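Here the structure is a predicted model, which is why all the values come from computation and not from measurement. All chains are named by letter (A, B, ...) in the order of the sequence lines, taking the proteins before the strands, and each is independently numbered beginning at 1.
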2 protein chains.
Amino acid sequence: MLRISKLTDYAIMVMVELSQSRGEVISAQALAERCGLELPTVSKLLKLLTRSELVQSFRGVNGGYRVNRPSADISVAEVIAAIEGPIAMTECSVDTGLCQQEDNCNLRSNWQRISLAVAEAMQQVTLAEMARPAPAVTDSLKIATFNA
Amino acid sequence: MLRISKLTDYAIMVMVELSQSRGEVISAQALAERCGLELPTVSKLLKLLTRSELVQSFRGVNGGYRVNRPSADISVAEVIAAIEGPIAMTECSVDTGLCQQEDNCNLRSNWQRISLAVAEAMQQVTLAEMARPAPAVTDSLKIATFNA
DNA sequence: TGAAACAGGACTGATATAGTACTATTTAAC
DNA sequence: GTTAAATAGTACTATATCAGTCCTGTTTCA
Ligand code: FES
Ligand code: FES
């Protein structure tokens with residue numbers, strides 16, 4: 001299904017929530033409640049998001065997490081990359097020597113281009129946009145995803 | 001990493017090989033050899049590709065598989081969909097009621113749009129293009145995938 | 001009738017994901 | 001200083017998915 005992991009999905013929810021209170025420090029606990037997720041899970045995500053510097057953390061009493069950039073400046077692609085690593089459809093899209101097929105196969109450069117196109121598509125969607133429902137997708141468009 | 005499964009990768013290899021001999025019937029065994037893959041694996045893939053009518057199968061002695069459409073008319077997206085199902089980033093992109101978060105979360109319509117954009121990116125790449133190496137991806141572009 | 005080839009499904013081992021738990025560290029308030 | 005609140009880091013386990021294989025049946029041609 002070419003899907004993002006559940007954790008990544010949660011991460012988007014958390015980031016959307018956080019970025020709606022830009023500048024405010026919010027604890028993992030509070031975020032978990034607002035998003036309807038478990039604390040340990042949210043906690044794990046926030047650690048990853050902190051490492052990627054998408055959010056800033058504050059330890060100690062009254063600590064928590066904060067996002068500095070405006071939500072319109074943070075792309076979905078960044079959040080995905082923070083949780084899952086590089087947006088790459090195959091091992092070989094990231095670097096040479098990683099794909100088992102590399103000897104027999106010269107699809108590598110093409111996979112790189114496809115990965116790039118996918119990454120760009122997701123880079124154009126910001127958290128600000130995610131925060132409000134998009135116009136419904138029509139059935140005629142839906143066909144493109146090869147839904148049954 | 002948002003990657004396609006290995007099987008899907010193999011499927012593209014097989015389809016590229018097959019589509020380069022358009023109209024010719026080739027056995028699973030022969031395809032396995034040409035692609036450097038195991039017969040049972042290739043066999044499994046070809047069954048799936050047949051169900052999606054991307055290839056046509058012929059049973060019995062001298063049987064095998066054939067592709068009818070020109071390689072320039074078959075998109076990578078179709079092959080992915082044949083192996084993995086709909087191109088959808090989240091459960092809820094496919095249909096309502098499938099995503100656990102649906103009560104708490106109104107990202108659904110946005111995920112649908114993103115899935116659509118991704119699908120469209122891959123629909124524009126044909127097997128004919130996959131068959132020959134693409135121009136190298138430059139480093140400046142590579143950044144878009146958030147490689148380290 | 002027999003061999004070549006696909007169809008369908010079932011099974012197994014390996015791998016990745018999801019979720020949790022534990023310990024250490026930092027900070028503010030008292 | 002002590003305590004409590006909160007994050008950091010890591011390790012662990014159960015589960016689900018994926019990859020790969022195998023078996024049995026069916027079709028077709030020689
Ligand atoms: S798919 Fe990675 S080298 Fe061909
Ligand atoms: S991500 Fe599926 S409903 Fe929100």
Side-chain angles (χ1 to χ4, degrees), chain A residues 1-11 13-14 18 24-33 35-67 80 82-85 88-91 98-101, chain B residues 1-14 18 24-33 35-67 80 82-85 89-91 98-101:
Chain A
M1 205 180 90
L2 187 73
R3 68 167 175 283
I4 58 173
S5 74
K6 280 191 187 183
L7 287 177
T8 307
D9 189 356
Y10 300 158
M13 292 171 70
V14 170
L18 242 192
E24 207 177 319
V25 175
I26 305 176
S27 72
Q29 177 71 58
L31 277 169
E33 279 162 19
C35 295
L37 300 170
E38 296 302 317
L39 171 61
T41 303
V42 171
S43 193
K44 183 184 198 172
L45 293 171
L46 286 165
K47 287 172 198 171
L48 287 169
L49 294 167
T50 303
R51 280 200 214 170
S52 300
E53 296 177 343
L54 276 174
V55 304
Q56 198 178 349
S57 71
F58 299 89
R59 300 174 76 156
V61 176
N62 301 325
Y65 299 88
R66 184 177 68 183
V67 61
I80 294 177
I83 306 293
E84 311 203 347
M89 307 291 291
T90 59
E91 301 288 345
L98 294 174
C99 193
Q100 295 177 354
Q101 276 67 52
Chain B
M1 205 180 89
L2 190 71
R3 70 169 173 283
I4 57 172
S5 73
K6 280 191 188 181
L7 286 177
T8 306
D9 190 355
Y10 300 158
I12 300 279
M13 292 173 70
V14 169
L18 242 193
E24 208 178 319
V25 173
I26 306 176
S27 72
Q29 176 69 59
L31 277 170
E33 280 163 17
C35 295
L37 300 169
E38 296 303 316
L39 171 59
T41 302
V42 171
S43 193
K44 183 184 199 170
L45 293 170
L46 287 165
K47 287 171 199 172
L48 287 169
L49 294 168
T50 303
R51 279 198 216 173
S52 301
E53 296 178 339
L54 276 173
V55 304
Q56 197 177 351
S57 71
F58 298 90
R59 300 175 78 155
V61 178
N62 300 325
Y65 297 87
R66 185 178 69 183
V67 61
I80 294 176
I83 306 295
E84 310 203 346
M89 307 291 290
T90 60
E91 301 288 344
L98 294 173
C99 194
Q100 294 177 354
Q101 276 66 52

Separation of [X] atom [atom1] from [N] atom [atom2], in whole Å?
X        : N       : atom1 : atom2 : result
Leu46(A) : dT20(C) : CG    : P     : 15 Å
Arg66(A) : dT7(D)  : CZ    : P     : 14 Å
Asn62(B) : dA4(C)  : CG    : P     : 11 Å
Leu37(B) : dT21(D) : CG    : P     : 10 Å
Glu84(B) : dC18(D) : CD    : P     : 8 Å
Leu48(A) : dA8(D)  : CG    : P     : 11 Å
Ile83(A) : dA16(C) : CD1   : P     : 18 Å
Gln56(A) : dT7(D)  : CD    : P     : 14 Å

Within the 4.5 Å heavy-atom criterion, are Leu18(A) and Leu31(A) side-chain neighbours or not?
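When only atoms from C-beta onward are counted, Leu31(A) and Leu18(A) do touch, with a gap below 4.5 Å.
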Would you call Met1(A) and Glu91(B) a side-chain contact if the rule is heavy atoms closer than 4.5 Å?
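Met1(A) reaches Glu91(B) side chain to side chain.
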What pairs of nitrogen or oxygen atoms, one from the protein and one from nucleotides 21-25 of chain C, lie under 3.5 Å apart?
from, atom 1, to, atom 2, distance (Å)
dT25(C), O2, Arg59(A), NH2, 2.8

Output the distance between atom [atom1] ([X]) and atom [atom2] ([Y]), rounded to the nearest 0.5 Å.
X        : Y        : atom1 : atom2 : result
Thr8(A)  : Ile80(A) : OG1   : CD1   : 6.5 Å
Ser43(A) : Glu38(A) : OG    : CD    : 12.0 Å
Leu39(A) : Gln29(A) : CG    : CD    : 5.0 Å
Ile83(A) : Leu2(B)  : CD1   : CG    : 13.5 Å

By the 4.0 Å heavy-atom rule, please label Gly60(B) as base, sugar-phosphate, or nothing.
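Gly60(B): base contact, heavy atoms under 4.0 Å.
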May I ask you to say what Glu38(A) touches in the nucleic acid, namely base, sugar-phosphate or nothing, with a heavy-atom cut-off under 4.0 Å?
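Glu38(A): backbone/sugar contact only, no base atoms under 4.0 Å.
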Given DNA chain D, 5'-ward residue of the pair Val61(A) and Met1(A), judged by closest heavy atom:
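By nearest-heavy-atom nucleotide position, the 5'-most residue is Val61(A).
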Identify, between Lys44(A) and Gly63(A), the residue whose nearest nucleotide on DNA chain D lies closer to the 5' end.
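The residue closer to the strand's 5' end, by nearest nucleotide, is Gly63(A).
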Ignoring hydrogens, what is the shortest heavy-atom contact between [X] and [Y]? Give both atom names and the distance.
X        : Y        : result
Leu37(A) : Val42(A) : CB-CG2, 3.6 Å
Ser57(A) : Thr50(A) : OG-CG2, 3.8 Å
Cys35(B) : Val14(B) : SG-CA, 4.0 Å

Among [options], the nucleotide that comes nearest once only the side chain of [X] is considered:
X        : options                  : answer
Ala28(B) : dC6(C), dA4(C), dT10(D)  : dC6(C)
Tyr65(B) : dC29(D), dT21(D), dC6(C) : dC6(C)
Arg51(B) : dC29(D), dG20(D), dG8(C) : dG8(C)
Ser57(B) : dT21(D), dC29(D), dC6(C) : dC6(C)

Do Leu54(B) and Leu48(B) pass the side chain to side chain contact (heavy atoms under 4.5 Å, CB included) test, and can you show the C-alpha distance, the side-chain angles, and the key distance before you say yes or no?
CA-CA 9 Å; Leu54(B) 276 173; Leu48(B) 287 169; over 6 Å; no
Counting only heavy atoms and a strict 4.0 angstrom limit, can you tell me which residues of residues 2-11 of chain A come near DNA chain D?
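By residue number: none to list.
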Any side-chain N or O of Ser43(A) under 4.0 Å from OP1/OP2 of dA8(D)?
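Looking at the OP1 and OP2 atoms of dA8(D), neither is under 4.0 Å from any side-chain N or O of Ser43(A).
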